[in-house]
Undergrad: 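Please read through the structure below; I'll follow up with questions.
What you see is a predicted model; the values in this text were computed from it and never measured. Excluded from the calculations below are hydrogen atoms, water molecules and symmetry mates; all remaining heavy atoms, backbone and side chain alike, are included. Lettering follows sequence order; numbering is per chain, from 1.
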2 protein chains.
Amino acid sequence: MDNNSLFQKFVAFTTSVHQITSEISKDVKSESLTPLQYKILEYIAVSQPVTLSEISDCMHMSMPNTSRELKKLGEKQLCDKITDPADRRKQGITLSAAGEAMMNEAFQHIAIQFAERMGSVTDEERKEIERALDLLQQKVFY
Amino acid sequence: MDNNSLFQKFVAFTTSVHQITSEISKDVKSESLTPLQYKILEYIAVSQPVTLSEISDCMHMSMPNTSRELKKLGEKQLCDKITDPADRRKQGITLSAAGEAMMNEAFQHIAIQFAERMGSVTDEERKEIERALDLLQQKVFY
DNA sequence: CGATTTACTTATCAAATGATAATTAAAGAG
DNA sequence: CTCTTTAATTATCATTTGATAAGTAAATCG
């Protein structure tokens, strides 16, 4: 059962990834944002412009709940909705300037934590790590 | 800024890991268990025996809330508490037989999903993947 | 055109989770 | 033996999140 030992490693690995990412982005959550709202902003940031339905699908939440949270984000001036001229039922959602600023700051903060963690890594190791990330992303986490 | 491109990869990678693990373990959640309760059981499963304080620390939840959830898990007969004879304030928490059974089934299910995903991977690739997992766990997600 | 479907909204309710204060019992310090 | 600290519990409340029913407006179908 070689496959089984690989699975063990997979489980241990994903557990570590969850733990480390949560640690790294622990105090990123701007007050005034719930965890869910932060995650939605994160998703918008990397996928914008995006529709409500897409958010609903990708984040596994119902349309009504998605609508509610997005309304709150809109009220907080963190994202903009633009009605799609080609299909006026759809709304293209993007980060507002304030939203971009907030997310930039958040990513900045995460980047610093990451840099600290990577601190004493040689160039050679850095390349190895990069190759390993590519490999796993391609063969396992696609 | 070579470090920056590595960071980009890191973010993309961790996002993928979260997405794939959530997909793989999507319908594992036994009804009658809340997500939090499932995560706690998962933690107990890999770290048992464990104290309440440890769960509280590692899962970033307050003692009262930890106590509440553990009480529920106890009522559901999924875990046992054994008072530490050396320090009778502490409780060693383990999975009950039923808890073990449930978690075995859950892991089994995840293992199958994983095997499907790994399906057409050669022995050589498998070894590369294993090395990549080891490397990243050691240098990044420690 | 009328009927149906799609994208989204509003309202409401229930459950899950987070936060705090107060309490108990055991252990450790002086 | 007191005093303090530690581990855990109980009770309570607020907030967050999930689920469902019903409604609106635009698009599409026939």
Undergrad: Using atom CE of Met59(A) as one end and atom C1' of dA19(D) as the other, report the distance to the nearest whole Å.
TA: 17 Å

Undergrad: Heavy-atom count check: over 12 atoms from other residues, nucleotides or ligands less than 6.0 Å from Lys39(A) NZ?
TA: no

Undergrad: Any idea which of dA8(D), dA27(C), dT17(D) is nearest the Arg88(B) side chain?
TA: dA27(C)

Undergrad: Using 30° and 60° as the class boundaries, would you call the ring planes of Phe7(A) and Phe114(B) parallel, tilted or perpendicular?
TA: tilted

Undergrad: Determine whether the side chains of Gln37(A) and Lys76(A) contain a donor N or O and an acceptor N or O closer than 3.5 Å.
TA: yes

Undergrad: What integer distance in Å separates Met63(B):CE from dA22(C):P?
TA: 18 Å

Undergrad: Evaluate Lys127(A) against Glu130(A) for salt bridge (charged side-chain N to carboxylate O under 4.0 Å, His left out), listing each step before the verdict.
TA: CA-CA 5 Å; Lys127(A) 289 205 169 169; Glu130(A) 212 160 328; over 6 Å; no

Undergrad: Side chains of Thr83(B) and Gln91(B): is there a donor and an acceptor less than 3.5 Å apart?
TA: no

Undergrad: Side-chain N or O of Thr34(A) versus OP1/OP2 of dT15(D): is the shortest distance under 4.0 Å?
TA: no

Undergrad: On DNA chain D, nearest-nucleotide positions of Leu36(A) versus Lys90(B): which is more 5'?
TA: Lys90(B)

Undergrad: Judged by each residue's nearest nucleotide on DNA chain C, which is more toward the 5′ side, Asn65(B) or Ser67(A)?
TA: Ser67(A)

Undergrad: Let me know the distance between CG of Leu70(A) and P of dT17(D), rounded to the nearest Å.
TA: 14 Å

Undergrad: In whole angstroms, how far is the P atom of dT16(D) from the CD1 atom of Ile40(A)?
TA: 13 Å

Undergrad: Classify the nucleic acid contact of Thr51(A) as base, sugar-phosphate or nothing, counting any heavy atom under 4.0 Å across all strands shown.
TA: sugar-phosphate

Undergrad: Within this structure, what is the CD1-to-P distance between Ile82(B) and dA7(D), rounded to whole angstrom?
TA: 19 Å

Undergrad: Where the side chain of Ser53(B) is defined as all heavy atoms beyond and including C-beta, which of dT9(C), dT17(C), dA7(D) is the nearest nucleotide?
TA: dA7(D)

Undergrad: Less than 4.0 angstrom between a side-chain N/O of Ser62(B) and OP1 or OP2 of dT20(C), yes or no?
TA: no

Undergrad: Both Ala86(A) and Met61(A) contact DNA chain D. Taking the nearest nucleotide for each, which residue is further toward the 5' end?
TA: Met61(A)

Undergrad: Determine whether a donor-acceptor pair (one donor, one acceptor, N or O, separation below 3.5 Å) exists between the side chain of Asp87(A) and the base of dA7(C).
TA: no

Undergrad: Looking across every strand, which nucleic acid part, if any, lies under 4.0 Å from Pro35(B) by heavy atom: base, sugar-phosphate, or nothing?
TA: sugar-phosphate

Undergrad: Which whole-number value in Å describes the distance from His60(A) NE2 to dA19(D) C1'?
TA: 17 Å

Undergrad: Between Gln91(B) (CD) and dA26(C) (P), how many Å, whole number?
TA: 12 Å

Undergrad: Would one find a side-chain N or O of Lys81(B) under 4.0 angstrom from OP1 or OP2 of dT9(D)?
TA: yes

Undergrad: Are a donor atom and an acceptor atom from the side chains of Tyr38(A) and Glu42(A) found within less than 3.5 Å of each other?
TA: yes

Undergrad: Take atom CD of Gln37(B) and atom C1' of dT17(C), then tell me their distance rounded to the nearest Å.
TA: 11 Å

Undergrad: Taking the side chain of Arg68(A) as its heavy atoms from C-beta onward, which of dT17(D), dT10(C), dA8(D) lies nearest to it?
TA: dT17(D)

Undergrad: Which nucleotide in the list dT17(C), dT5(D), dT9(D) gets nearest to the side chain of Arg89(B)?
TA: dT5(D)

